[in-house]
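Computed over heavy atoms, backbone and side chain alike; hydrogens, waters and symmetry mates excluded. Treat the numbers as computed from the prediction; the structure is a model and nothing was measured. Sequence lines set the chain letters: A, B, ... in the order given, protein chains first and strands last, and positions in each chain run from 1.
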Amino acid sequence: MNQVLSSLGFGIVTASILLPAAIGFTLQFSATNVLNIGFGSQMTLAAFIGYVCTSHGVGLWYALLLAGVFGGVTSLLLNRFLLTPFMRRGTTFFGMIVITIALSLVLEYTIEAIWGPQSVFYPLSTGGTVHLGSMSFTGEQLVIIGIGVALALATHALLRYTRTGKAMRAVAGNAPLARASGVPAQRIVDLAWMLSGFMGGAAGVMLGISLSSVSFTMGDTLLVEIIAAAVLGGVGQVYGAMLGSVVIGVLLEESAIVLSGAYAPISAFAVLIIVLLIRPTGLFAGTAKAKGVAA
Amino acid sequence: MVSVGALPGASAATKKASGSTLNIVSFVPFSGPDASFGDLALSGCYPAVYAVNSAGGVMGHKLACTTADTRGDPVDAVPAANALLAHASNVAAIFGPSSDEVLSTQPLLEKAKIPTFLMAGLSQYDYQTDPYYWRLTPADAAEGVAMAAWAKEHGYTRAAAVFATGTTSQGDGPASINGFKALGGKIVANVSLTPGQPSYNTEVSQVVNAHPQVIFFTAPADTSATFFAELHQLNNGVVPPTLVTEVAEEPGWINAVSGAIGLPTLEKQFAAMEAATPPESIPGWVAFHHALYASPKKVPNVGQYVDDPFTLSYYDAGILVALAMDQTHSAKPAVFNQAILGLSTPGAGKVVVHTYAAGAAAIAKGKKVAFIGASGNLYINKHHNVAGAFAAVSEGTNPHRIALVSAKLMAKAAA
């Protein structure tokens, strides 16, 4: 029982990192219909920017904010100058996936060329630990949980209570209809890419803090879990991604008790396969069907 | 490809004439990415041959160092091995093959029945039984053996083995576990870490719950940082004494783990096992050093080899081969090969010698000898492997040697 609770604590931390990552991934997909496999590498790039900031004396949490902003701007530029031209030429859904795979590789090797193959590290405190029953958290882990929850609530507020959020939901639901209704679709798409990049950038730094290191393949390693969380919730469903993040994050840690730790990631793959078999639209059906991802 | 011209006496009759030259063939890469292996083998061969020849040769024969280039390629090495074996009658010993070509050429070289001194650390040869194969440098797994010996030496009886999945750990992990058990220790947790996981809390919990006195550990920097950060977290800020491999001496590893648990903890609790050569004051090394510079044939930049474990071991191998010939009164490898083990092992009634000349003179007087050469006491085990000399080195920004690991305990752990 103690082990279950202890793992639950780590699962909450992992879920808190997956939250902004999966929200960003699915938010962008719902608005643009581009399955961005380069998302993990964008996270990594932002995490390295966070490292540059901290190595120049910027505080860790300010560095996270700056990395998020960098991620947002980079994401916007990548969409404008790389992906949009392909979409205008009528590149197919799968063609766009291939382009984002290429983008992922280019980013990954660029990071390696600049910072080298060795991992880099944030300055972390090695101070006390907070115990909640069998669960224990470092100060940084508590802040990560706080940021994850805050970003999820902010996304909820954006989508539910602002005109921009409603416009994003409209574009996600039916882009041509939204355009016909006067919604500035291109601006909304830009915003979706920016928010996606910001979320990914923040998640990249959070992951680097949690791992105590930042490596050039770090984001790609988490991509399967991010996709699993998004699929579980229903591709393109932001609230589904939130629920999927919590389930996958906790499942990853708890499954390590039953399976060997080495096989724990299998649980994410297993969820992915089972959901696709039983409920291809995910727990929150809707966009996936509309986008033609699921039947 | 082997160069026939590189094998003096290759065209000689199968039956050796008195005074013919016997060759020690360096069968390693002399070209390609691992071309440096060639000079490494020759750097030990030249001084050994000089030491023997300047003492009048062995049984009327002069020795020579020759070469067969494997190019470091398992495919190219096969015809090179065939060419070498076609002229094997004058070959007294083979220095090599290296890890690059050892597996592809093993079936050929085994048939030759010539003493073969491997330059391959692969774990496949840790318990090998071919009587003609010798490995006088530590196996890749030797750091694991050193961990076991160091832990035993310091009175630890309960250890946790924590190794990342990967080729290096495949050697170190089992070696530390088997070695510690052989020394009477108990492995209370045996944990594998798969690099790239978001957390290792389950693995850490296994270690914490087992209450080890010491941890044997090898993993890449990023995996290590995550593991030790969580160990620090789940064990109330306490990290047990931890023995790591040479990889952990790299600055990237030190930065990673010190960032995760703090530099003071790293410096206090961690020690790395590092291959060590004996002090330059021992008589065997002094004799080697003299021969290295006195030999008319030298490898380029010879000074860089004076403390290389491979150079020292190949020098010792050359001397052991010559003494084995003297002891068995035979230049036939099938006959003298069996004397090598005894000559390398000190024992009651044996005269310890440090040079070929002294050994040959003692044998001529009918005495039993033990050769302690440039590498010091080799402690060759029944699998013709050596544990090698290892030192524990502190971790941190200013690493320093703590002490040599007991060679006796290492030999016992590796047996």
Of all heavy-atom pairs between A:L211 and B:T226, which one has the smallest distance, and what is that distance? O-OG1, 2.5 Å
Looking at B:A225 and A:S212, what are the two nearest heavy atoms and their distance? CB-O, 3.6 Å
Run the side chain to side chain contact (heavy atoms under 4.5 Å, CB included) test on B:L234 and A:S136 for me, step by step, so that the C-alpha distance in whole Å, both residues' side-chain angles and the decisive distance to 0.1 Å come before the verdict. CA-CA 7 Å; B:L234 291 180; A:S136 69; 3.3 Å; yes
Counting heavy-atom pairs under 4.5 angstrom with chain A, the leader among B:N255, B:V257, B:N236 is B:N255
dist A:F10:CZ -> B:E230:CD (nearest 0.5 Å) comes out at 4.5 Å
Check whether [X] gets within reach of chain B through its side chain, its backbone, both or neither, counting any heavy atom under 4.5 Å.
X: A:S215; answer: side chain
X: A:S7; answer: both
X: A:Q141; answer: side chain

Among the options A:V13, A:T138, A:L124, pick out the one with the most heavy-atom pairs lying under 4.5 Å from chain B.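 Option with the greatest count: A:T138.
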Considering residues at least two apart in sequence or located in another chain, which fulfil the side chain to side chain donor-acceptor pair (under 3.5 Å) criterion with B:E274?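 Scan of B:E274 (side chain to side chain donor-acceptor pair (under 3.5 Å), adjacent residues dropped) gives none.
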Any heavy-atom pair between the side chains of A:T14 and B:Q197 that's under 4.5 Å?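 No; the side chains remain at least 4.5 Å from each other.
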Residue list, salt bridge (Lys or Arg N to Asp or Glu O under 4.0 Å) with B:D39, at least two apart or on another chain: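 Not a single residue meets the salt bridge (Lys or Arg N to Asp or Glu O under 4.0 Å) criterion with B:D39.
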Are any side-chain N or O atoms of A:E253 and backbone N or O atoms of B:N201, one a donor and one an acceptor, separated by less than 3.5 Å?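 Checked: no pair found.
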